[in-house]
Amino acid sequence: MSIWLWVRRWAHQQFNQLTGRNLLITLLVYIGASWLLLELAGEQALTHSLSRFVYYLVVTASTVGYGDYSPESAAGQWVVALFVIPGGLGLFAIGIGRLATMFMSYWKSGLLGNRRINVENHILVLGWNNQRTLHLIQMLQHEERTRRHIVLCVRPEMENPLPGEIDFVRVTSFTDTQSMDKAGVSKASCIIIDNAEDDVTLAAALYCASRNPNAHLLAYFNDEALSDLLKSHCPNAECIPSVAVEMLAKAAVDPGSSGLHHELLSTHHGMTQYAVRFPESMAPTPISKLFSQFKEQHDATLIAIDRGQGIELNPPLNLDVTPGTNIFYIADERVDHFNWPA
């Protein structure tokens, strides 16, 4: 083994063994030895002022070298050339390297989903379905008016698909308390569960409902029977069944229906379906009055209401809308401020 290779291995081993505590001790020894050697060399101009001494060491170790202060004696110049500069450069490089390693490790842990997310009132998405999940997140980003944080929680070994845009957590199981705490499951305001396996979706939904009963819980199922099972245990859960077969049948009987439904669900262009809650302070108002006002003032079409007993599609014009009713409408953009009838 060559001497150069041995030196490299020895230096690498020493660097890895240089912990933060040892690095601090080495820095203190370097500062003390530098002061002592410069004092013995007669460089009182550099050592008798603490601020000047520290300033000189930092400028020298960082290779800035302003030149406003420098050793004047031959002994002082030898001390600086053989000890202060080499030792300072080494410690400065090690310190910068350690800081860079810490920042990289912190950034990498977030990219891999290993870091605890410190958020609340966020939208938690459980499950990964490739492009479907990406499309879901993009729609949430476009639709979200209050700009809540979006946290994607997955089980596969993967990196954050949208770094800088969403928070990301990887867990071993959607029912593991320690893992789910990293995603802030108990602090989320909305939890969306969408997995390829319905049994995983059901288990995750039941767990989330027990940890956060006040969250708006949504679960997507391929098997409608499981959605009925979840509703029996969690009446407040909103289950979204697969409508692929229904869409095929509807498009076969009424051509173009699939395009219509896609247009209503799209958030990027064209008319889209939205919802608004009728204020609690309002008196009961007939559909006819609201229908006309929606169309005349906002170019929107009222299509359904929910008075707490399920969706009433195309309600009769003489039906009264009571305070707290959810009103569904179609419009080009979401209407932020309604001028409710007096």
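- With a 4.5 Å cut-off on side-chain heavy atoms, D194 and T201 do not count as touching.
- Panel note: side chain Y30, backbone V84; a donor-acceptor pair is recorded below 3.5 Å.
- Nearest approach of A183 to C153, heavy atoms of both residues: CB-SG, 4.3 Å.
- Clustering ILVMFWY residues whenever any of their side-chain heavy atoms sit less than 4.5 angstrom apart, transitively, puts L162 in a cluster other than the one holding V169.
- By the 4.5 Å heavy-atom criterion applied to side chains, D332 and D299 are not counted as neighbours.
- Between the CD atom of Q77 and the OG atom of S70 there is a distance of 7.5 Å, given to the nearest 0.5 Å.
- Counting only distance, with no hydrogens or angles, the side chain of N195 and the backbone of V200 share no donor-acceptor pair below 3.5 Å.
- Separation of atoms OH (Y207) and CE (M180) is listed at 6.0 Å; rounding is to 0.5 Å.
- Annotation: side chain of L136 is not in contact with side chain of N129 (no heavy-atom distance under 4.5 Å).
- When every heavy atom of C208 is checked against every heavy atom of L217, the shortest pair comes out as CB-CD1, 4.3 Å.
- L229 is not connected to I240 by any chain of hydrophobic side-chain contacts under 4.5 Å among Ile, Leu, Val, Met, Phe, Trp and Tyr, and they are in different clusters.
- Considering CG of L317 and CG of L302, their distance stands at 9.5 Å, rounded to 0.5 Å.
- Checked by atom type and distance alone, the side chain of K182 never pairs as donor or acceptor with a backbone atom of R115 at under 3.5 Å.
- Judged by distance alone, the side chain of E43 and the main-chain N or O of E72 form a donor-acceptor pair under 3.5 Å.
- Residues I303 and I330 share a closest heavy-atom pair of CG2-CD1, 3.6 Å.
- In terms of heavy atoms, A331 sits closest to A300 at CB-CB, 3.9 Å.
- Side-chain atoms of R132 and Y220, non-hydrogen and from C-beta on, do get closer than 4.5 Å to each other.
- Here the CG atom belonging to D336 is positioned 10.5 Å from the NE2 atom belonging to H298, to the nearest 0.5 angstrom.
- Within the 4.5 Å cutoff, the side chain of F53 has heavy atoms near those of the I31 side chain.
- With T60 contributing its side chain and L57 its backbone, the two residues share no donor-acceptor pair below 3.5 Å.
- In the hydrophobic clustering, where aliphatic and aromatic side chains (Ile, Leu, Val, Met, Phe, Trp, Tyr) are joined below 4.5 Å either directly or transitively, L82 groups with W78.
- Using a 4.5 Å cut-off on side-chain heavy atoms (C-beta onward), L290 and F278 make contact.
- Between F294 and W340, the ring planes lie tilted relative to each other; the angle falls in the 30° to 60° range.
- Between R148 atom CZ and L124 atom CG the span is 11.5 Å, to the nearest 0.5 Å.
- With D181 as the fixed residue, the side-chain hydrogen bond (donor to acceptor under 3.5 Å, both in side chains) test singles out one of R116, R211, K187: R211.
- Using a 4.5 Å heavy-atom threshold, the side chains of C190 and L218 count as touching.
- Counting only residues at least two apart or on different chains, the side-chain hydrogen bond (donor to acceptor under 3.5 Å, both in side chains) pairs with a member in residues 319-331 are T322-T325.
- Residues forming a salt bridge (Lys or Arg N to Asp or Glu O under 4.0 Å) with E197 (at least two apart in sequence, or on another chain): R155.
- Closest approach of I193 and A204 over heavy atoms only: CD1-C, 3.8 Å.
- Taking 4.5 Å as the limit, some side-chain heavy atom of R307 sits within range of a side-chain heavy atom of L319.
- Between G76 and P71, the shortest heavy-atom distance links the atoms C-CB, 3.7 Å.
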